[in-house]
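The structure under discussion appears below in the form of structure tokens.
Order of the sequence lines sets the chain letters (A, B, ...), proteins ahead of strands, with each chain counted from 1.
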Number of protein chains: 2
Amino acid sequence: MQTSDAVGALSALAHEGRLNAFRLLVRAGPGGLAAGEIARHTGMLANTLSAHLGILNAAGLTRSRREGRSILYRADYDQTRELIAFLMEDCCGGEARICAPLAQLASRACAAEGATV
Amino acid sequence: MQTSDAVGALSALAHEGRLNAFRLLVRAGPGGLAAGEIARHTGMLANTLSAHLGILNAAGLTRSRREGRSILYRADYDQTRELIAFLMEDCCGGEARICAPLAQLASRACAAEGATV
DNA sequence: TCTATATTTCACGAAATATCGAATTATCCA
DNA sequence: TGGATAATTCGATATTTCGTGAAATATAGA
């Protein structure tokens, strides 16, 4: 991931409404949610939300597809992982201050979910 | 970490110059770097950089202390870790799409550095 | 085809952010 | 004390972002 891509993704997430929408989609899973449902959960007007979802899409953090009258948005887990990896890059500096606790957190979370890769 | 804190941290990082400065500090380690050195590395004017470092500080991502005529900035690893953990929260959704690969990445990186927690 | 629903696009004023030159503060050292 | 260095603060301008109402587009179903 290039710095400019990371700035784009970070900018997209640097807004309360967009961050809420994104996290909602992360929790919603691969199936995603319709724009209308996201609007209801976040309390944003349809046109305002549409602009924000467009920004998340442009940053590569979400994907969308039409299904009937609805447009379903889902989180892009690959891009999300790349962004986090970018922030973690070179973090150890011989001390493992960031990485090691996150590694534990990640493995604990995944173990708790009984998830497999 | 609250959503508003995360938005503050993400906004702080959502700028090419600030992201470069922050990552430079992450790589620099706990000792940190003088503002002047950061300015030289990033190519920003002293006053512009000063404003940006103030934003990173306000977001809790960096700390500063005076040492002689210089002011040394360092990354705040705890806050950084909390931000990343916030983004990873609830990511598994039973599929471990984000967490598991990051857990591997984190442990590999730490192992490579020969680091200890 | 007509109507209702779901979402996006457009235009615009208000607010926030970024950058720069000039001036100011803090520290060191002769 | 006076000069040099390091960094911040101030003031102004340019740019970007945000939220909204109105209008347009796409789809489903009677």
Side-chain angles (χ1 to χ4, degrees), chain A residues 3-25 28 31-76, chain B residues 3-25 28 31-76:
Chain A
T3 299
S4 54
D5 300 321
V7 170
L10 291 165
S11 300
L13 294 176
H15 178 282
E16 179 157 6
R18 288 195 298 263
L19 183 58
N20 285 336
F22 173 74
R23 279 162 47 90
L24 183 66
L25 291 176
L33 290 175
E37 291 191 77
I38 303 172
R40 203 150 16 78
H41 275 91
T42 61
M44 284 190 272
L45 290 180
N47 55 356
T48 300
L49 175 66
S50 179
H52 289 310
L53 290 174
I55 289 170
L56 288 170
N57 258 5
L61 290 165
T62 58
R63 305 281 168 183
S64 58
R65 68 180 194 281
R66 176 175 286 274
E67 194 152 296
R69 266 176 294 198
S70 297
I71 294 186
L72 299 184
Y73 285 83
R74 64 179 170 83
D76 186 312
Chain B
T3 300
S4 54
D5 301 321
V7 170
L10 291 165
S11 299
L13 294 176
H15 177 282
E16 178 157 5
R18 287 196 299 263
L19 183 57
N20 285 335
F22 174 74
R23 278 163 47 90
L24 183 66
L25 292 175
L33 291 175
E37 292 191 78
I38 303 172
R40 203 149 15 79
H41 276 91
T42 61
M44 285 189 273
L45 290 179
N47 56 357
T48 299
L49 175 67
S50 180
H52 288 311
L53 291 175
I55 289 169
L56 286 171
N57 259 4
L61 290 165
T62 58
R63 306 280 168 182
S64 57
R65 68 180 194 279
R66 177 175 284 276
E67 194 152 296
R69 266 174 294 196
S70 297
I71 293 186
L72 300 184
Y73 286 83
R74 65 179 169 82
D76 185 312

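- Here the CG atom belonging to B/L10 is positioned 8.5 Å from the CG atom belonging to B/L61, to the nearest 0.5 angstrom.
- Contact annotation: B/Y73 reaches the phosphate of D/dT8 (side-chain N/O to OP1 or OP2, under 4.0 Å).
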How does each nucleotide of nucleotides 25-30 of chain C score, in 5' to 3' order, for protein heavy atoms under 4.0 Å: base (B), sugar-phosphate only (S), or none (-)? -SBB--

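- The distance between atom CG of B/L53 and atom C1' of D/dT9, rounded to the nearest whole Å, is 14 Å.
- The residue A/A35 sits close only to the backbone: its heavy atoms come under 4.0 Å of sugar-phosphate atoms, none of a base.
- Every side chain to side chain contact (heavy atoms under 4.5 Å, CB included) that A/R63 has, sequence neighbours left out, goes to A/R74, A/D76.
- In this entry the distance linking CD1 of B/I71 with P of D/dT5 reads 18 Å, nearest Å.
- Of the possible polar contacts, one joining the A/T62 side chain to the A/N57 backbone as a donor-acceptor pair under 3.5 Å is found.
- For the atom pair NE2 of A/H15 and CG of A/L19, the computed distance is 10.0 Å after rounding to the nearest 0.5 Å.
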Would you mind writing out the side-chain donor-acceptor pairs for residues 42-55 of chain B within the sub-3.5 Å range, not counting sequence neighbours?
unit_1, atom_1, unit_2, atom_2, d
B/T42, OG1, B/I38, O, 2.8
B/H52, ND1, B/R18, NH1, 3.1

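- Between A/E16 and B/T3 the shortest heavy-atom distance is CG-CG2, 4.2 Å.
- The heavy-atom pair separating A/G8 from A/A59 by the smallest distance is O-CB, 3.8 Å.
- Note: B/H41 NE2 to B/N20 CG = 11.5 Å, rounded to the nearest 0.5 Å.
- Summarising the geometry of B/S64 relative to B/I71, their closest heavy-atom pair is CB-CG2, 3.9 Å, with the distance given to 0.1 Å.
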What does nucleotides 15-20 of chain C look like as a protein-contact string, B for base, S for sugar-phosphate only, - for none, at under 4.0 angstrom between heavy atoms? ---SSB

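- When heavy atoms are screened at a 4.0 angstrom cut-off, A/A39 is found touching no nucleic acid atom at all.
- Put simply, CG on A/L49 is 14 Å from C1' on C/dT9, counting in whole angstrom units.
- Of all heavy-atom pairs spanning B/L56 and B/A21, the tightest one is CD1-CB, 4.5 Å.
- Near-neighbour residues of DNA chain D inside residues 56-65 of chain B, defined by a heavy atom below 4.0 Å, are absent.
- The heavy-atom pair separating A/A28 from A/L33 by the smallest distance is CB-CG, 3.8 Å.
- Computed from C1' positions of five pairs at each end, the angle between the two local axes of the helix from C/dT1-D/dA30 to C/dA30-D/dT1 equals 20°, rounded to 10 degrees.
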